[in-house]
Each structure stands twice: as C-alpha cells, then as structure tokens.
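For reference, the structure is listed below as structure tokens.
Numbers restart at 1 for each chain; the letters A, B, ... are given by sequence-line order, proteins then strands. Hydrogens, waters and symmetry mates play no part in the numbers below; they use all other heavy atoms, side chains included.
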2 protein chains.
Amino acid sequence: MTLPLGERIRAEVEARIVSGELSPGERLPTEAELMAHYACSRMTVNKALSALAAAGLIERRKRAGSFVSRPRVHSMVLDIPDLAEEIAARGQRHQYRLRKREITEGPDSPFGPDRGRVLSLAGVHYANDAAFAVEHRQVDLTAVPDIEFVDFAEQAPGSWLLRHVPWDEAETRIAAEGADAEVASWMMVAPGTATLLVERRTWRGKDSITFVRQHFRGDLYDLVARFGQSGARRS
Amino acid sequence: MTLPLGERIRAEVEARIVSGELSPGERLPTEAELMAHYACSRMTVNKALSALAAAGLIERRKRAGSFVSRPRVHSMVLDIPDLAEEIAARGQRHQYRLRKREITEGPDSPFGPDRGRVLSLAGVHYANDAAFAVEHRQVDLTAVPDIEFVDFAEQAPGSWLLRHVPWDEAETRIAAEGADAEVASWMMVAPGTATLLVERRTWRGKDSITFVRQHFRGDLYDLVARFGQSGARRS
DNA sequence: CGTGCAATAATGTATAGACATTAAATCGAG
DNA sequence: CTCGATTTAATGTCTATACATTATTGCACG
C-alpha cells in the first residue's frame, strides 16, 4: 500500500496541478524546498519532477525553477492496432480479400524520385462477412523487398508488415470523405456515403516504407482516444 | 554535441530495438552488463532503462531481466487543440456563433441521474466566414456553475472551458457521419455530406464536466497524429 | 515424483555528495 | 542610464553504495 516516496511526491505535485491549486505558468517549489518538506535526498525529488517534465505537465528552467506547463494542449493517445487483431478481439471473424495488385516502376514513385519499384495493393476488410473497410496500400519494394513474394490473397498486408518490418516513425491523418465509386461498390454502400478516412505513412530511418489509405464505413467503425493524465501507466 | 551518457545509453538501446536487431520478446543485457560496457554506475544505466520502460519500449521483470515489449501497438499522440487557436495559427479568422442555448433540469441528465441542471449549447465555428464545424455541447452546471453567466454569443465555449476549468481525464471518439438536416443547413452543405465527428467527454475527478459533439466538414478539416519513437520529446 | 523452502540474480528505490550547466540577477565601468 | 562582466541560484548529470523486493532456480525432503 505504501507507495514509494518518489512516486508519492510525483503524485502529490501532479494532484496539485490537475486540481487547479497550481495554475498554468505558476512556479512550484524548488527541489531544495521539496527536499526539506519530504525529508529526502535531492535525487528523489529530482526524479519525481523529471518524470512530470517528461510527461509534459511541468517545464523546468535552470536558475529559474519549475513551472506548470502553459497551454494544456489536448494531447491524447490514439491506439491504431492491427485490424485483424482488433476485429478478433471483438469476437468477430476477420477476413481480408485482395482486389488489385500491381508493381510500378519509374521516377514518379510516391516515395520520392527514383526510389525504384513500388507494390500497390488494394483490398477489402470484412468483419463477419460485412465489408467495413477498403484499403489502398503502397509499399516501397526497395525498403521491403521480401513483401513482393508474400501471398496476400487472404492475409492483410498490414498484419504482415506489422510483424516483419520494424518502423521508426509514423504519421496518421484522419478525415471524413464521401465514398467514391470504387470504394462504394467494394463496401456495398451508396456512393457518397460518409467514410472515415485514415491515411498513414510509415518510415524507417529516412526511408518511407508504406503509405496506406483506409476507408472505414462510418456506421461500423470509429476510433477512441484516451487521456488519463500522464500517459504511462503500466504495472 | 556530446549528449549525456544516460541519454546516449538510452538512444543506443532504443536504436537497437527499432532497427530490429533486438526483436520483441528478446532479452536485453542486464544492468550489470551495460554498466560494465559503458563503464558507468548502475544508477545511470537504470535511469536509461527506466525511461525506455516508461515509454513502453521495454518491460522489466525482477530476477528475469529486461525484454523488448511484445505487441508494438500503434499508439500515437493525437493533438486536439483549441479550435480558435488552431484556426488563428493557420492565419485565418475564427468566429463562433451561438445558435441555441437551453438549460434543462431533471433526472434524465446526460451526466447521470440527479446530477442537476445542465447547460446545452449549439453553435457554429467559422474560418474566414466559411462554416467548417457545428458543435453541440452540454455542460454540467453543478460542476461548472460559473459558465451559466458567460456570454457565448461570440466566444466559443470550448475556449472558455479550456481556460477556466482544469480537467482530469478525457475520452474522445472519432467517427464519420453523414450530415443531418440541422448540421447540413448550419454548415451550408447538402444533407448526407460526409462529416468528421469528434465526440469528447471530459472529467474532473468523478464528475463529468462536459460532453461535446463536433461535426467537421470533411473537405475542410482533418486530424493529424504523430508517432516519433517514445513520445516525450520536448526541449 | 512432486512440493515447498531457501538461495540467488535481477530490478526497484533511496542516499549523500560532487561537479556541470545555464540563465537570472546584480554590480561596475563608462 | 546602459551595456557588459560577474555572481549566484536553480536544475542536469553522475557516482558509489546500500538495502528492499521479487521471481526464478534448484535442492532437499516427504
């Protein structure tokens, strides 16, 4: 029950911030003051405050002190898991069907000029036989040569990539878009139906690995993001 | 240039993980080994590994060692800033116009039975005179009594809340939805046009403070989420 | 052949001190 | 009064050490 002193310091300062007792911009006690207050060594205080700083709750400036962070941006953690796993986790049966496969070559590659050959895949994701997402993906074959010989008739390329290619950095764009003719026919909805569009670009070092556009049926799929204080809460 | 030793250890181990040299589930060197390798004290190694653990890249088990984290969830940081600020940051003029205001009372409050009076607001956000978002918001007057007397004819309630009410926890749902009659007429688009729907519920302690539904014009607005390694990178 | 207890190897937390770094504050010369 | 140099108060990093905690391993005993 008695949680470690460092954790306690961190939690108490955090509580004073989120309760509004310390408002944004306000200066909080120096390490020396906290050290006296808790009767502990400076390292302990420092670790607690450093953790709060890493979590973005406070900012620390030498010679000046520590301050409650200013703008309180709504910064949330968005989980975008593997579709196959997510559907399975809901107790539904996931299926992927490939609809198009093409390899292009040339200077007008989406991954930059002269990046070489590019694999383009288009397919549909099903949950219990209902089409709920259409996926267009392009993969840089220079960065991921292995993928050329993988059979995607059944397995989704996202699942394969997630397991075989480590990545560095990713950027996701989320928007709403009316279904175009192709998407509408593959998802069996009327053209113009609202879809949730998720576009993601993934890098490994400087190389862009894959670019994917996923159109989700608006009435069957949504994303949930949470913000519970300082993000990292694992046992 | 010479970054601190602890940072260097952290960065090098991290690099070995994202490069795939250490794959998920694999065990990495013990603190004692790293300590010998870098010729430094254990605290330094410990701090580096603890940071990686806090970032979710590794898991640490006593007696067993440290292991590269398993599932590699696509976990991204999504910034949902204040609309007024965001529009201003793009160099456009932001305006909010209130369209409905109502105070309800009774046991069927959206914030739970017998939470008391609820303020309902509906309005439209404009960027350079173009309507790009419709917002329906409900605020628990028991939790935020001050808001009853604020004039929202021009100022957006979200901006006011962000500045006056600290919050604890929030949950955001993102989906796509066709515009209904009211939304369509307020945004001056055809009914059924794809809109990006952002619903957010905000808590302070156990009290739910506000619930907001924002419909964005799909062609005018999107959200961007980033993932750059371990989240916390602020100077 | 288990089954429980003890040894052990790893991480978790904390201490007291040292020196480095940096930016605010102060002081001095012009 | 202003600018520049100096002081100084705060955080940043690191060390060496100590003890606590815990899950695994292996051994002894029923």
Side-chain angles (χ1 to χ4, degrees), chain A residues 1-14 16-17 22 24-70 230-235, chain B residues 1-14 16-17 22 24-70 230-235:
Chain A
M1 191 72 256
T2 91
L3 73 173
L5 184 52
E7 263 310 303
R8 200 186 125 207
I9 298 176
R10 184 203 147 119
E12 289 187 14
V13 173
E14 190 174 300
R16 290 216 278 160
I17 292 171
L22 293 168
E26 195 166 342
R27 176 178 169 171
L28 44 92
T30 66
E31 295 189 348
E33 285 161 352
L34 287 172
M35 182 179 154
H37 181 272
Y38 288 99
C40 67
S41 81
R42 204 186 126 222
M43 272 301 294
T44 306
V45 171
N46 182 291
K47 211 182 153 197
L49 294 192
S50 296
L52 288 177
L57 266 152
I58 67 175
E59 282 167 30
R60 316 196 70 195
R61 296 211 317 276
K62 289 178 194 176
R63 170 66 223 247
S66 304
F67 301 84
V68 179
S69 286
R70 277 296 168 131
S230 34
R233 282 287 158 75
R234 328 197 185 214
S235 84
Chain B
M1 193 70 255
T2 93
L3 73 172
L5 183 53
E7 262 310 303
R8 199 187 125 206
I9 297 176
R10 183 203 147 117
E12 288 187 12
V13 174
E14 190 174 300
R16 288 216 278 160
I17 292 171
L22 294 169
E26 194 165 345
R27 176 177 170 173
L28 44 90
T30 67
E31 295 190 347
E33 285 161 350
L34 287 171
M35 182 180 154
H37 181 271
Y38 288 99
C40 66
S41 81
R42 188 165 82 91
M43 271 302 295
T44 306
V45 171
N46 183 289
K47 210 182 153 196
L49 294 192
S50 296
L52 289 177
L57 265 149
I58 67 175
E59 280 167 33
R60 315 196 70 196
R61 295 211 317 274
K62 290 178 196 179
R63 172 65 223 250
S66 304
F67 301 83
V68 179
S69 284
R70 274 301 167 103
S230 36
R233 280 287 159 76
R234 329 199 182 213
S235 84

Practice prompt. Map B:Leu28 and A:Gly6 onto DNA chain C by nearest heavy atom, then report which one ends up closer to the 5' terminus.
Written response: B:Leu28
Practice prompt. Assign each of B:Arg27 and B:Asn46 to its nearest nucleotide of DNA chain C by heavy atoms, then name whichever residue's nucleotide is nearer the 5' end.
Written response: B:Arg27
Worksheet item: Do the side-chain N or O atoms of A:Arg61 get closer than 4.0 angstrom to the phosphate oxygens (OP1, OP2) of C:dA23?
Response: no
Practice prompt. Using only side-chain N and O atoms of B:Ser66, determine if any of them is under 4.0 Å from OP1 or OP2 of C:dA10.
Written response: no
Worksheet item: Touch check for A:Arg8, heavy atoms < 4.0 angstrom, all strands: base, sugar-phosphate only, or nothing?
Response: nothing
Item to complete: Indicate, with a heavy-atom threshold strictly under 4.0 Å, whether A:Leu49 touches base, sugar-phosphate, or nothing.
Response: nothing
Item to complete: From the options A:Ile9, A:Thr30, A:Val13, select the one residue that forms a side chain to side chain contact (heavy atoms under 4.5 Å, CB included) with A:Val45.
Response: A:Ile9
[X] has an atom [atom1]; how far is it from atom [atom2] of [N], in whole Å?
{"X": "A:Leu3", "N": "D:dA20", "atom1": "CG", "atom2": "P", "value": "18 Å"}
{"X": "A:Leu34", "N": "D:dA10", "atom1": "CG", "atom2": "P", "value": "12 Å"}
{"X": "B:Lys47", "N": "C:dT11", "atom1": "NZ", "atom2": "P", "value": "18 Å"}
{"X": "B:Leu5", "N": "C:dC19", "atom1": "CG", "atom2": "P", "value": "19 Å"}
{"X": "B:Tyr38", "N": "D:dT13", "atom1": "OH", "atom2": "C1'", "value": "17 Å"}
{"X": "A:Leu52", "N": "D:dG12", "atom1": "CG", "atom2": "P", "value": "12 Å"}
{"X": "B:Arg60", "N": "C:dA9", "atom1": "CZ", "atom2": "P", "value": "18 Å"}
{"X": "B:Arg10", "N": "D:dT13", "atom1": "CZ", "atom2": "P", "value": "12 Å"}

Where the side chain of [X] is concerned, which of [options] is the nearest nucleotide?
{"X": "B:Thr44", "options": "D:dG12, D:dT15, D:dT13", "answer": "D:dT15"}
{"X": "A:Glu31", "options": "D:dG12, C:dG12, C:dT15", "answer": "D:dG12"}
{"X": "A:Lys62", "options": "C:dT15, C:dT13, D:dG12", "answer": "D:dG12"}
{"X": "B:Met43", "options": "D:dT13, D:dT15, D:dT24", "answer": "D:dT15"}

Worksheet item: Is there a donor-acceptor contact under 3.5 Å from the side chain of A:Arg27 to the main chain of A:Ala64?
Response: yes
Worksheet item: So which heavy atom on A:Ile58 is nearest to which on A:Leu49, and how close?
Response: CD1-O, 3.5 Å
Item to complete: Please report the C-alpha distance between A:Leu5 and A:Tyr38 in whole Å, then the side-chain angles of each, then the deciding distance to 0.1 Å, and finally whether the side chain to side chain contact (heavy atoms under 4.5 Å, CB included) criterion is met.
Response: CA-CA 9 Å; A:Leu5 184 52; A:Tyr38 288 99; 4.3 Å; yes
Discussion item. Regarding C:dG12, can its base be found pairing with the side chain of B:Arg42 as donor and acceptor, where the two atoms are less than 3.5 Å apart?
Written reply: yes
Worksheet item: Considering only heavy atoms and no angle criterion, is a donor-acceptor pair shorter than 3.5 Å present between the side chain of B:Arg63 and the base of C:dT8?
Response: yes
Discussion item. Any non-hydrogen side-chain atom of B:Asn46 less than 4.5 Å from a side-chain atom of B:Arg60?
Written reply: yes
